[in-house]
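Just below is one structure, and these are the notes that go with it.
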Amino acid sequence: MDQKSLKDMFANYVNKKSIFQDKNLLTSVFKPSEIVHRNAQIQELASILAPCLRNTDLSNTFIYGGVGTGKTLVVKRVSQELENAARDAHVNLKIIYINCKMKKVADTEYRLLAELARNLGEVVPATGLPTDEVYNRFFKKLEDQEGTVILVLDEIDALVKKIGDNFLYNLTRVNSELQHTKVFVVGISNDLNFTEYLDARVRSSLSEEELIFPPYNAIELVDILLQRSKHGFSDSVLQEGVIQKCAALAAQEHGDARRALDLLRVSGEIAERSDSEHITTAHVDLAQQKIEKDRTVEAVKSQPKHAQILLSAILTLNKTSSGNIATGDVYTTYKTICNKIGLTSLTQRRISDLLSELDMLGIINARVISKGRYGRTRSISIDLSTHVQDQIDSFLKEKFY
DNA sequence: AGTCCACAGGAAGGGCAGGCGA
DNA sequence: TCGCCTGCCCTTCCTGTGGACT
């Protein structure tokens, strides 16, 4: 492109009518004024939490539901309204929301406690203190609140799977240590079977109330997308069937509203980039591919070095061998690559864990199978499109060779 | 029915970096 | 500065296991 046409391009861009009116409305971060198809859950949660306005005890509550079923949105909305009501009624209420999956923020017991304490105004160093000391500081700050404190722990299942339920046990017993403050926990989990991981005592004290968020069906997703697209897109850019297609695709994937919104927004971006005045169902197909590709490639790029080399080994084997690959083969190839690039290889035990992590991220499929006389192993495969595989492969080759 | 393979995956602990408090 | 504590990544050692083979 010569410089004149570049100038024209920018001029065109400025003058062209945008497909979007307010793209912000089409992100999952945006909090709509009305949460569609979640009235029942809002009412129920509000009625569970309302007693704190009369300084009456609350029940610890667990909220279950898949990704993108509106759990966090509903909890944040109810929290906000509850805090407003408490202020009007001159009741001391503090609600702390923490996402336990936030890397480097609340993904260990120490970090969670430190983050909770920080929310109450206590200064806690990132590391260095004994955990007991962080508990003490946190409890002291709680006591200073002299009212009700509600701890909302989002994605709590991820944290419990990582560090166990000890911290939950301590948090549920905190009320016996405090005189002026009452503490209640609202746990949010993506995993319906989460309580199986919990100690029986923790389970019974934490699950006094339970709230289930069912996945959205395609019709509900259509309503959500219509609500957002009304002011999110410019008038009449959406062609017939686009919203329905986004909703249908997202409904297939566990009724995930976040996914539906991403599809719709990315479809718009693709349409805009291709100079199209309308968004068509073909754009939705492209958006579906792009989201899948971006998600995987980004996941690969953020992996540690050895996991990337491991993936490189799997991709190499995937090209040469037909069918599934065994752990032993992967480990041998991985060691060869390490040798070639002058890196000390990790042990098979560690590689076993890295394989599990890649599996959890959905980059590879690893299934434990038994080959009878020939042992037990993971059967590893990659079901990414060849296009995505090539992109990952060239990224890894560029980085290591 | 028993054996045996090729791992899976749990437990314990080492070593390092970052940070606190005396 | 030193002792202590943390998270994190990793190794070592170990037990467990599904099912083909004998």
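Chain naming here is simple, since letters A, B, ... match the order of the sequence lines and numbering starts at 1 in each.
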For nucleotides 18-20 of chain C, give me every protein contact, N/O to N/O, under 3.5 Å, one pair per line with atom names.
residue	atom	partner	partner atom	Å
C:dG18	N2	A:S370	OG	3.4
C:dG18	N2	A:G372	O	3.0
C:dG18	N3	A:S370	OG	2.8
C:dG19	O4'	A:S370	OG	3.1
C:dG19	N2	A:G372	O	3.0
C:dA20	O4'	A:R373	N	3.1

Choose from B:dA8, C:dT12, C:dC10 the nucleotide whose nearest atom is closest to any side-chain atom of A:V368. B:dA8
Nearest whole angstrom, please: distance from the P of C:dC10 to the CG of A:L343. 10 Å
How many angstroms lie between OH in A:Y216 and NE2 in A:H37, if you round to the nearest 0.5 Å? 8.5 Å
Rounded to the nearest Å, what distance is computed from the CG atom of residue A:N324 to the P atom of nucleotide B:dA6? 18 Å
Calculate, to the nearest 0.5 Å, the distance between atoms CG and CZ belonging to A:L25 and A:R265 respectively. 11.5 Å
Spacing between A:N136 atom CG and B:dC20 atom P, to the nearest angstrom: 18 Å
Looking only at the side chain of A:H306 (C-beta and beyond, no hydrogens), which of the listed nucleotides B:dG21, C:dC10, C:dG7 gets closest? C:dC10
Can you tell me how far C1' of C:dC9 sits from CZ of A:R349, to the nearest Å? 13 Å
Would one find a side-chain N or O of A:T327 under 4.0 angstrom from OP1 or OP2 of B:dA8? yes
Could you state the atom-to-atom distance from CG of A:L354 to C1' of C:dC9 in whole Å? 10 Å
Do any side-chain nitrogens or oxygens of A:S352 fall under 4.0 Å of OP1 or OP2 in B:dA8? yes
Taking atom types as modelled, is there a side-chain donor on A:N119 or A:K94 under 3.5 Å from an acceptor on the other? no
Report yes if the side chains of A:N84 and A:R87 come closer than 4.5 Å at any heavy-atom pair, otherwise no. yes
Are any of A:R378's side-chain N or O atoms less than 4.0 Å away from OP1 or OP2 of B:dA8? yes
Starting from P on C:dC9, measure out to CD1 on A:I351 and report it in whole angstrom. 14 Å
For A:L112 and C:dT6, what is the distance between atoms CG and C1' respectively, to the nearest whole Å? 15 Å
For atom OH of A:Y110 and atom P of B:dG19, their distance in whole Å: 11 Å
Is the shortest side-chain heavy-atom distance between A:N55 and A:N92 below 4.5 Å? no
Before we go on, tell me: are the rings of A:F233 and A:F20 under 6.0 Å apart, centre to centre? yes
Say whether A:T281 and A:Q239, considering side chains only, have a donor N or O and an acceptor N or O under 3.5 Å apart. no
